[in-house]
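Every chain is numbered from 1 and lettered A, B, ... according to where its sequence line falls, protein lines coming before strand lines.
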Amino acid sequence: MSTIRVRLPDGSVREFPRGTTALAVAEAIGPRLAKAALAARIDGVVRDLTTPLEKDCDLEILTWEHPEGREVYRHTSTHVMAQAVKRLWPETKLTVGPPLENGFYYDIDTPRPITPDDFPAIEAEMRKIIEEDLPIIREEVDREWAKRFFAERGEDYKVLLIDKIPEGEPITIYRQGEFVDLCTGPHLPSTGRIKVIKLMSVAGAYWEGDQRNKQLQRLYGTSFEKQSDLDRYLKQLEEAKKRDHRKLGPELGLFTFKEEAPGFAFWLPKGYTLYRILENWSRSLQEPRGYQEVRTPWLYSSKIYETSGHWFHFRENMFTFESESQAYAVKPMNCPGHCLLFKNEVRSYRDLPLKIAEYGPLVRYEPSGTLHGLLRVRGMHQDDAHIFVREDQIEEQILEVQGIIDEIYGALGMPYTVKLATRPENYMGDPALWERAEAALAAAMEKAGIKYELNPGEGAFYGPKLEYHITDALGRTWQCATIQLDFQLPQRFDLTYVDADGQHKRPVMIHRAIMGSIERFIGILTEHFAGTFPVWLAPVQVRVLPIADRHHDYAQKILSDLKAAGFRAEADLRNEKIGYKIREAEVQKIPFMLVVGDKEAESGTVSVRRRGMKDEGSMPFAAFLDLLRREVAEKAMDEAARKATTL
RNA sequence: GCCGGUUUAGCUCAGCGGUAGAGCAACCGCCUUGUAAGCGGUAGGCCGUGGGUUCAAAUCCCACAACCGGCUCCA
């Protein structure tokens with residue numbers, strides 16, 4: 001039979017001579033499709049456009065509109081980049097170069113470090129390679145031949161990579177001009193198909209991601225079909241930069257960092273207001289559920305961490321020192337202290353579940369290179385709690401915590417997904433207990449009707465954990481809330497309670513945090529809302545703007561009434577035009593501006609303007625207070641906040 | 001911690017061997033102001049810190065620190 005039947009995505013079936021390439025099929029369908037074609041999905045597998053079709057199949061032509069099409073485009077782009085680098089520095093050794101969501105990178109071992117100053121030369125060479133429109137040819141080769149081939153070319157890493165390919169799998173190489181790379185593909189038909197390229201940055205990266213291995217140069221780039229798409233992407237990056245909490249925090253007077261205390265935030269009055277709102281919100285959800293808040297020491301003898309196991313597992317990450325020949329550490333987490341509190345009294349089964357909450361300071365040594373604004377700090381405070389339970393209470397307690405999580409993330413409009421992190425390599429304790437703990441967490445999620453993924457080997461050393469990954473306005477995910485089940489610390493601290501039968505029994509410990517580090521949480525919220533906090537969170541809710549000096553008395557009266565009603569307000573009494581005052585309030589993202597002049601002072605009204613909106617006209621001051629009360633009580637999201645969180 | 005980069009006025013940045021500059025903010029005047037920047041003036045800097053090269057260093061070299069982009073790590 002010399003023809004084959006090809007079924008297209010719309011269900012239609014067309015016949016072609018056997019051996020017709022996917023690209024030829026695209027051409028037969030239409031010249032525009034052929035021009036846009038980047039790759040082909042043949043019976044569900046993404047392949048080169050140049051792949052000959054040998055039998056009846058399903059065929060989909062992939063273009064820029066398909067994520068897989070973009071991936072192929074970026075994958076070829078990274079080959080072009082590698083080729084350019086090899087032309088400029090032939091001694092360069094290649095390792096791996098995958099596509100990314102918005103670009104690509106290649107990890108290379110270069111004779112000297114690449115710097116951004118080299119980018120223009122590399123980009124120019126890339127454009128030349130694109131200009132040359134080199135055909136890209138796939139070849140399946142013999143394993144030994146490939147090893148010899150790459151060894152001769154000095155591509156030592158490629159030889160190592162070949163050894164990692166499982167026996168029996170085909171070894172494929174791709175050629176474009178003088179450049180040959182070990183690669184599974186697929187790729188574009190020729191280098192000329194790439195239109196717009198740009199190198200983005202260069203960074204260090206370890207071979208195989210292992211710190212003990214040699215550090216390579218990771219060269220990042222991106223590519224698009226249209227210049228306008230690149231421009232839009234660069235603009236997006238600019239926008240993201242504008243809502244960077246490290247920029248917004250100081251601008252909005254929330255917090256600042258100083259060289260004298262790396263990794264610690266200075267909370268400015270407005271930021272600390274926000275901080276206290278979040279902390280008190282947490283209290284208001286926990287106290288009715290029977291949590292008891294404590295404050296425990298922040299400096300401990302190393303002995304307590306030897307007991308807990310942290311000394312062995314995390315000594316390198318604690319600030320430790322010696323005093324009177326005794327080793328001490330600044331508290332990096334609350335659990336050991338809470339274990340001591342549990343032991344402070346004889347506990348009855350009637351005391352369980354015992355919920356101990358603490359918002360105290362924690363200090364962890366984070367290596368200097370890892371610090372990142374509020375998102376990675378050395379000094380922090382968690383909305384932390386430990387729940388001591390009987391084994392039969394585990395499920396109900398996890399479900400209760402689940403309720404708090406839903407309330408908090410629901411109010412903030414942040415969806416989450418759950419992962420169950422299981423026993424890591426450096427685990428402590430009896431594997432049988434681990435299995436029970438993992439099963440208990442899984443059962444609780446089943447009961448709550450929440451789907452979860454497994455995150456194998458990512459649990460804490462003392463127990464498995466449920467990780468809540470929340471998604472922010474920019475679509476990034478953050479792990480904030482966590483529920484961890486721990487059979488180990490109760491054992492190591494020899495915690496017991498007296499059960500109904502008079503026997504001493506071992507409690508189980510649930511470690512849980514919902515916002516996680518409040519510092520980090522504020523960093524995330526700042527970027528999520530782009531600083532446009534909804535009125536119930538905003539450090540300043542209202543700013544009163546008098547038109548002229550003669551309205552200052554009325555403005556002051558409005559201000560003091562707002563404060564008396566429990567709102568966070570300020571007045572702008574500077575000698576400036578109203579437009580100027582409004583601009584400043586807008587820049588500070590204050591939810592409500594109250595303009596007051598002759599008309600308002602006479603009639604006891606205020607002229608209301610919401611941030612991001614126009615003048616909304618005047619209303620009696622009492623009516624405005626009602627409006628404000630309602631929006632705060634409802635945790636309402638105003639138009640500007642909604643806009644900031646929906647991109 | 002590792003690789004690369006950056007560090008000049010409160011902020012954003014220019015200056016890149018020859019006596020420190022701009023805009024915005026701040027302060028002081030004038031204007032008494034009606035919904036996103038009124039006008040004029042004043043003041044402000046051991047050019048991240050410490051060494052070195054040079055007749056001369058913000059500028060060149062070295063070390064350290066902080067920060068930025070990544071990597072590794074994250075109880």
Side-chain angles (χ1 to χ4, degrees), chain A residues 105 107 110 112-118 200-220 241 244 246-247 250-251 256-263 305 308-318 331-336 362 364-373 376-377 382 384 424 426 428 458-463 465 479 482 484 486 489 511 513 516-517 520 545-552 574-587 593-600 607-618:
Chain A
Y105 69 79
D107 280 351
T110 52
R112 68 158 178 90
I114 304 264
T115 77
D117 292 338
D118 298 317
M200 301 300 287
S201 63
V202 59
Y206 302 102
W207 164 242
E208 297 193 311
D210 192 325
Q211 203 169 359
R212 290 165 302 191
N213 288 343
K214 176 157 192 189
Q215 190 151 36
L216 310 164
Q217 302 280 305
R218 177 168 294 179
L219 200 46
Y220 285 90
K241 241 170 130 179
D244 189 319
R246 291 167 300 184
K247 185 174 161 63
E251 274 175 13
T256 185
F257 286 91
K258 297 287 167 200
E259 192 172 330
E260 289 81 350
Y305 300 116
S308 71
H310 288 94
W311 199 251
F312 175 71
H313 287 277
F314 285 103
R315 183 174 168 30
E316 302 309 310
N317 299 293
M318 297 184 189
K331 173 170 71 175
M333 90 303 290
N334 292 311
C335 25
L362 303 174
R364 298 177 177 184
Y365 167 70
E366 302 286 0
S368 56
T370 64
L371 299 176
H372 186 94
R376 186 78 179 260
V377 289
Q382 295 182 330
D384 196 16
N426 64 347
M428 194 167 72
E458 292 297 316
F461 69 86
Y462 50 71
K465 58 186 183 186
Q479 192 204 309
T482 175
Q484 308 174 2
D486 178 5
L489 290 191
H511 307 237
S517 148
R520 179 163 171 273
L545 311 177
I547 300 273
D549 293 353
R550 63 178 178 280
H551 311 120
H552 282 190
R574 290 175 307 170
N575 179 16
E576 293 290 353
K577 302 255 188 304
I578 195 65
Y580 185 86
K581 292 182 182 180
I582 285 170
R583 182 185 152 75
E584 295 242 312
E586 288 282 358
V587 168
M593 287 157 270
L594 299 184
V595 175
V596 294
D598 291 330
K599 280 181 294 189
E600 290 78 9
S607 189
V608 179
R609 181 184 173 114
R610 286 174 190 265
R611 61 182 169 197
M613 313 294 279
K614 295 283 170 218
D615 180 10
E616 297 188 3
S618 63

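- The side chain of A:R609 sits closest to B:rA36 out of B:rG70, B:rU32, B:rA36.
- Mapping A:G369 and A:I547 onto RNA chain B via the closest heavy atom, the residue that lands nearer the 5' end is A:G369.
- Atom NZ in A:K577 sits roughly 7 Å away from atom P in B:rG34 (whole-Å rounding).
- With a 4.5 Å cut-off on side-chain heavy atoms, A:H511 and A:Y462 count as touching.
- Rounded to whole Å, the P atom of B:rC60 lies 33 Å from the corresponding atom of B:rA25.
- Counting non-hydrogen atoms under 4.0 angstrom, A:P262 reaches the backbone sugars and phosphates but no base.
- Taking atom NZ of residue A:K581 and atom P of nucleotide B:rA36, one finds them 14 Å apart after rounding to whole Å.
- Atom name C1', nucleotides B:rU59 and B:rA14: the rounded distance is 13 Å, in whole Å.
- If you check every strand for non-hydrogen atoms under 4.0 Å, A:Q484 touches sugar and phosphate atoms only.
- Rounded to a whole Å, the CD atom of A:Q382 is 16 Å from the P atom of B:rC74.
- Side-chain atoms of A:R376 and base atoms of B:rC73 include a donor and an acceptor less than 3.5 Å apart.
- To the nearest angstrom, C1' of B:rC68 lies 14 Å from OH of A:Y220.
- Scanning atom types as modelled, no donor and acceptor separated by under 3.5 angstrom connect the side chain of A:T370 and the base of B:rU72.
- The A:Q211 side chain lies nearest to B:rG1 when the options are B:rG4, B:rG1, B:rA75.
- For A:E366 and B:rC73, the CD to C1' distance is 8 Å, given to the nearest whole Å.
- Across B:rA43 and B:rA66, the matching P atoms stand 37 Å from one another, rounded to whole Å.
- Comparing the same atom, P, in B:rC61 and in B:rU7 gives a spacing of 13 Å after rounding to whole Å.
- Checking B:rG69, B:rU32, B:rA36 against every side-chain atom of A:K614, the shortest atom distance belongs to B:rA36.
- Salt bridge annotation for A:R609-A:D615: absent, with no cationic side-chain nitrogen under 4.0 angstrom from a carboxylate oxygen.
- Using C1' as the reference atom, B:rG38 and B:rC47 are 35 Å apart when rounded to the nearest Å.
- In this structure, A:K581 and A:P546 have side chains that are in contact, with non-hydrogen atoms separated by less than 4.5 Å.
- Remark: B:rG38 base-pairs with B:rC30. Criterion, Watson-Crick or G-U wobble with two distances under 3.5 Å.
- Checked against B:rA75, B:rG69, B:rG1, the side chain of A:S368 finds its nearest nucleotide in B:rG1.
- In this structure, B:rC60 and B:rG52 make a Watson-Crick or G-U wobble pair, each of the two defining distances being under 3.5 angstrom.
- Set against B:rC71, B:rG34, B:rA26, the side chain of A:Q215 has B:rC71 as its closest nucleotide.
- Using a 4.5 Å heavy-atom cutoff, the side chains of A:S618 and A:K599 are not in contact.
- Pairing for B:rU7 is with B:rA65, a Watson-Crick or G-U wobble pair whose two hydrogen-bonding atom distances lie under 3.5 Å.
- Pair assignment for B:rG21 gives B:rC13, based on Watson-Crick or G-U wobble hydrogen-bonding distances that are each under 3.5 Å.
- If you check every strand for non-hydrogen atoms under 4.0 Å, A:R550 touches sugar and phosphate atoms only.
- Rounded to an integer number of Å, the gap from NZ of A:K214 to C1' of B:rC71 is 15 Å.
- With both ends at atom P, the span from B:rA58 to B:rU53 equals 16 Å, rounded to whole Å.
- Each of A:E251 and A:G209 lies near RNA chain B, and the nucleotide nearest A:E251 is the one positioned closer to the 5' end.
- Under 3.5 Å, the side chain of A:Q217 and the base of B:rC3 form no donor-acceptor pair of N or O atoms.
- Residue A:S607 has its side chain nearest to B:rG34 when only B:rA25, B:rU32, B:rG34 are considered.
- Rounding to whole angstrom units, CD of residue A:E458 and P of B:rC73 are separated by 9 Å.
- A donor-acceptor contact under 3.5 Å is formed by the side chain of A:E600 with the base of B:rG34.
- Remark: A:Y105 is not in phosphate contact with B:rG69, judged by side-chain N or O atoms under 4.0 Å from OP1 or OP2.
- Nucleotides B:rA65 and B:rG48 have their C1' atoms positioned 8 Å apart, rounded to a whole Å.
- An OP1 or OP2 oxygen of B:rA26 is reached within less than 4.0 angstrom by a side-chain nitrogen or oxygen of A:R574.
- With a cut-off of 3.5 Å on both Watson-Crick or G-U wobble distances, the partner of B:rC2 is given as B:rG70.
- Closest to the side chain of A:R218, out of B:rG4, B:rG1, B:rC71, is B:rC71.
- A:D118 has its side chain within reach of A:R112: a pair of non-hydrogen atoms, C-beta onward, lies under 4.5 Å apart.
- Contact check for A:H310 versus A:P336: side-chain heavy atoms found under the 4.5 Å cut-off.
- Using a 4.0 Å heavy-atom cutoff across all strands shown, A:F257 reaches no nucleic acid atom at all.
- Residue-to-nucleotide contacts include a donor-acceptor pair under 3.5 Å from the side chain of A:Y206 to the base of B:rG1.
- Between A:F314 and A:F461, the gap from one ring centroid to the other is short of 6.0 Å.
- A distance of about 15 Å separates the C1' atoms of B:rU6 and B:rU12, rounded to the whole Å.
- Among the candidates A:K241, A:R246, A:K247, the single residue satisfying the salt bridge (Lys or Arg N to Asp or Glu O under 4.0 Å) test with A:D244 is A:R246.
- Rounded to an integer number of Å, the gap from A:R583 CZ to B:rC24 P is 12 Å.
- Residues A:Y206 and A:Q215 have side chains in contact (heavy-atom distance under 4.5 Å, counting atoms from C-beta outward).
- Using a 4.0 Å heavy-atom distance criterion, A:D210 is classed as making no nucleic acid contact.
- A donor and an acceptor atom sit less than 3.5 Å apart, one in the side chain of A:E586 and one in the base of B:rA36.
- If you check every strand for non-hydrogen atoms under 4.0 Å, A:I578 touches sugar and phosphate atoms only.
- Side-chain contact between A:V377 and A:E366: absent, with no pair of heavy atoms (C-beta onward) separated by less than 4.5 Å.
- Nearest to the side-chain atoms of A:F314 among the listed nucleotides B:rG34, B:rC74, B:rG4 stands B:rC74.
- Checked against B:rC67, B:rC74, B:rG69, the side chain of A:H372 finds its nearest nucleotide in B:rG69.
- In this structure, A:H310 reaches the bases: a heavy-atom distance under 4.0 Å links it to at least one base atom across the strands shown.
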